[in-house]
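For reference, the structure is listed below as structure tokens.
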Amino acid sequence: MASVSNSLSFKHGLSLWCPQSPSLHRIRHSSAKNFQRRGFVVAYSSFANENREFVIVGGGNAAGYAARTFVEHGMADGRLCIVSKEAYAPYERPALTKGYLFPLDKKPARLPGFHTCVGSGGERQTPEWYKEKGIEMIYQDPVTSIDIEKQTLITNSGKLLKYGSLIVATGCTASRFPEKIGGYLPGVHYIRDVADADALISSLEKAKKVVVVGGGYIGMEVAAAAVGWKLDTTIIFPENHLLQRLFTPSLAQRYEQLYQQNGVKFVKVGASIKNLEAGSDGRVAAVKLEDGSTIDADTIVIGIGAKPTVSPFERVGLNSSVGGIQVDGQFRTRMPGIFAIGDVAAFPLKMYDRTARVEHVDHARQSAQHCIKALLSAQTHTYDYLPYFYSRVFEYEGSPRKVWWQFFGDNVGETIEIGNFDPKIATFWIDSGKLKGVLVESGSPEEFQLLPTLARSQPFVDKAKLQQASSVEEALEIARAALPVEAAV
């Protein structure tokens, strides 16, 4: 559930406009009748009228961390409204393709265990938390239109909301196969929310043969989960190797071998799907490839990427290169009083002097916090994000090998690989003598802690010395020694 898109740098100055209405400040919540089922409520509270000082559209990671930042600044109670299409309070979305998919006998993750902000070590913001903080939550009622001039939103149910400041945190939607080739058949799954994951679990409980389409994060994590269910599992993707946007061919080969040792089969290098075929019962039964071959499957998971959810905010200003809503270093759009954060935001990636849109939980958290601090305080510095990606697979009980890797920086230049994957491995990206990026598999807490320092400092390293390192530990020590004194850890 992570990706990054890049384009040319975008720089502009925008005014910050936030109406300060005394009447809005006095608005208080009135308790609404709670309807609770499986840890969520339909609504907590309602404002005295349609006016809201701050409105967040979207109920994912970014919304949860933004809410926490409003609370920290004493600006949430009676002032903040979150409008979500989901039935649950914001949660740590990465869990859906990791612990949530574990078999029932292997202690799967379940809500309320992974509500934000537990992923970063913060407080678990359950539905009750939002009620206690005076935050109005509108569930299962997505925004369908906006009138920028009148500063109003209309939801799917027809609810009218007037806002002072608007934060768009709509995230992404899963890319889908067209209906005409079977993309909507029963037994075909996409994962973006809890309902999607629940539907997939229902299929896995009855499945015998699983096909995962896509060799990226989703594909790797779902396939690893299917192994835990002891299911016949095949991954199909057209690229030369797993996670081609990040992994080197050598590194990918190590992971592919690990998956094969767990019984996973691969169909790759040019593999092209013609259509998904239905059985006599109407459910998906097979994948038909362009070469005429078929692969039987009673459950298919499509993990081929995601698209930023920009509707109905197209007029706010889109980025045609990386997609999403264009913002500046404070997450301001070109429309005064409107901001965008998380996966949907195309922002200046300061340290690499380009515009990027990052689909990752770490950016969702940090962009939310930076935006709200800029909105509510005198903070003026530009967001300075360091790209970070990670994955954790085969972590369920009884797994012979638990996998956890972390990457920081930019995967440009030539690579140096150290280690044999058992017990660990590291890959360094070197460009013009500078260390630009580093990935470590199965590192210690101290080693993982070193990685962002290395990637942000970009020290000049002795390439020959690094290549001669006999272990990951030695290689990381060589890189550490190359750090400038002020950055050394």
With Phe313 via ring pair (Phe, Tyr, Trp, His ring centres under 6.0 Å) - residues at least two apart = none
NZ/NE/NH1/NH2 to OD/OE distance under 4.0 Å, Asp328 and Arg332 = yes
So, Glu92 and Arg124, do they make that salt bridge, N to O below 4.0 Å?
-> no
In terms of side-chain heavy atoms, does Lys436 have a donor or acceptor partner in Gln458 at a distance below 3.5 Å?
-> yes
Any salt bridge between Glu397 and Lys107, counting N to O under 4.0 Å?
-> yes
Looking at Thr116, Val118, Val194, Thr126, which one forms a side chain to side chain contact (heavy atoms under 4.5 Å, CB included) with Tyr91?
-> Val194
Indicate yes or no: does Asp291 engage Lys274 in a salt bridge with an N to O separation below 4.0 Å.
-> no
Which heavy-atom pair separates Arg283 from Asp298 by the least distance, and what is that distance?
-> NH2-O, 3.5 Å
Mind checking what makes side-chain contact (heavy atoms from CB on, under 4.5 Å) contact with Ala67, not counting sequence neighbours?
-> Leu80, Ile82, Trp129, Tyr130, Ile135
The side chain to side chain contact (heavy atoms under 4.5 Å, CB included) partner of Thr309 among Thr173, Asp343, Ile325 is Thr173
Can His189 and Thr299 be counted as having a side-chain donor-acceptor contact under 3.5 angstrom?
-> no
Which of His363, Gln330, Lys350 passes side chain to side chain donor-acceptor pair (under 3.5 Å) with Tyr383? Answer is His363
For Lys373, the side-chain contact (heavy atoms from CB on, under 4.5 Å) test, sequence neighbours excluded, returns Thr69, His73, Ser377, Gln379
May I ask you to say whether Glu473 pairs ionically with Lys424, meaning some side-chain N is under 4.0 Å from a carboxylate O?
-> yes
Can we say Glu359 and Arg357 salt-bridge, meaning some charged N sits less than 4.0 Å from an Asp/Glu carboxylate O?
-> yes
Going by an N to O cut-off under 4.0 Å, is there a salt bridge joining Glu441 and Arg401?
-> yes
Below 4.0 angstrom, N of the basic side chain to O of the carboxylate: do Asp384 and Arg456 qualify?
-> yes
Identify whether the distance between the nearest side-chain nitrogen and carboxylate oxygen of Lys463 and Glu414 falls below 4.0 Å.
-> yes
Rounding to 0.5 Å, atoms CG (Asn411) and CG (Leu439) come to a distance of 9.5 Å
Over all heavy atoms of both residues, which pair between Glu474 and Ser470 is shortest? Give the atoms and the distance, please.
-> OE1-OG, 2.7 Å
Would the number of heavy atoms belonging to other residues, nucleotides or ligands and lying under 6.0 Å from CD of Glu314 be above 12?
-> yes
Distance flag, aromatic centroids of His115 and Tyr88, threshold under 6.0 Å = no
Please determine which of Ile372, Val168, Leu375 meets the side chain to side chain contact (heavy atoms under 4.5 Å, CB included) test together with Phe339.
-> Leu375
Looking at Lys98 and Glu221, does any basic side-chain N land under 4.0 Å from a carboxylate oxygen?
-> yes
Output the distance between atom CG (Leu466) and atom CD1 (Ile418), rounded to the nearest 0.5 Å.
-> 5.5 Å
Going by an N to O cut-off under 4.0 Å, is there a salt bridge joining Lys106 and Glu395?
-> no
